[in-house]
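Worth knowing before you read on, the calculation uses all heavy atoms, side chains too, and leaves out hydrogens, waters and symmetry mates. All chains are named by letter (A, B, ...) in the order of the sequence lines, taking the proteins before the strands, and each is independently numbered beginning at 1.
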Amino acid sequence: AQSVTQLDSQVPVFEEAPVELRCNYSSSVSVYLFWYVQYPNQGLQLLLKYLSGSTLVESINGFEAEFNKSQTSFHLRKPSVHISDTAEYFCAVKPDHTDKLIFGTGTRLQVFP
Amino acid sequence: DAGVIQSPRHEVTEMGQEVTLRCKPISGHNSLFWYRQTMMRGLELLIYFNNNVPIDDSGMPEDRFSAKMPNASFSTLKIQPSEPRDSAVYFCASMAPNTQYFGPGTRLTVL
């Protein structure tokens, strides 16, 4: 069975500071990896994804994540956060043999001025 | 592209009433998913369809819940009768190859 672990339920950080949101997964089969962001009272928006190719993937708003197969991780990073990055961030994996996504429990990023 | 469309965005009803949530997937997407999100249980997959056929409904909480997908551009999730514990945000998502895209959700409150 597959599982996704987001160890940090909340991450408080000051504006312009760097941040890393951790995601580890467990799977016996190949997976695709995703980060979704949920702003207050909104749906989940795809932030970035790894399907194949370069293990470092980037979003349009400055986030990046690196697929590390040996450590089964897909941590999300941003070198300098903004107040507007305050949101819930969900890591998810999709096993190769199914259409279903397995979500982590989410990390609430709170950016303070 | 308009994205996944859900209606209504908010629904307030009384216990025992029937509730119908609607979803229009992104054109060309072959799979459609219904999720429920609550503070207590997080994000739960209720059911998903592929080419309009239900593939996995193991997440549907009980017989009060039913879902249909009569064609490639429309799906409904019905709760009859509704109960206060059904209060949640219900999301619909559709999938391009390997990637799910979510709608804005329907916030359901059952009094």
Working to the nearest 0.5 Å, report the span between [atom1] of [X] and [atom2] of [Y].
| X | Y | atom1 | atom2 | value |
| --- | --- | --- | --- | --- |
| A/Phe67 | A/Phe74 | CZ | CZ | 8.5 Å |
| A/Leu76 | A/Leu48 | CG | CG | 6.0 Å |
| B/Phe102 | B/Phe33 | CZ | CZ | 8.5 Å |
| B/Asp86 | B/Phe65 | CG | CZ | 4.0 Å |
| B/Glu14 | B/Glu83 | CD | CD | 14.5 Å |

**Flag if over 12 foreign heavy atoms under 6.0 Å of CD1, A/Ile60** =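 Atom CD1 in A/Ile60 is not packed in, count stays at 12 or less.
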
No hydrogens needed, just list the donor-acceptor pairs between chain B and chain A under 3.5 Å.
from, atom 1, to, atom 2, distance (Å)
B/Ser31, OG, A/Asp99, OD2, 3.4
B/Gln37, OE1, A/Gln38, NE2, 2.9
B/Gln37, NE2, A/Gln38, OE1, 3.0
B/Asp56, OD2, A/Lys100, NZ, 2.8
B/Asn98, OD1, A/Lys94, NZ, 3.2
B/Thr99, OG1, A/Lys49, NZ, 3.0
B/Gln100, O, A/Tyr36, OH, 2.6
B/Gln100, NE2, A/Asp99, O, 3.2
B/Arg107, NH2, A/Asn41, OD1, 3.3

**Region of A/Leu44 that comes under 4.5 Å of a non-hydrogen atom in chain B** =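 Its backbone and side chain both get close to chain B.
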
**Item:** Toward chain B, the part of A/Leu101 with a non-hydrogen atom under 4.5 Å
**Value:**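 Contact with chain B: backbone and side chain both.
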
**Item:** Under 3.5 Å: donor-acceptor pair, side chain of B/Arg64, backbone of B/Pro81
**Value:**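 Flag set: sc B/Arg64 to bb B/Pro81 pair under 3.5 Å.
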
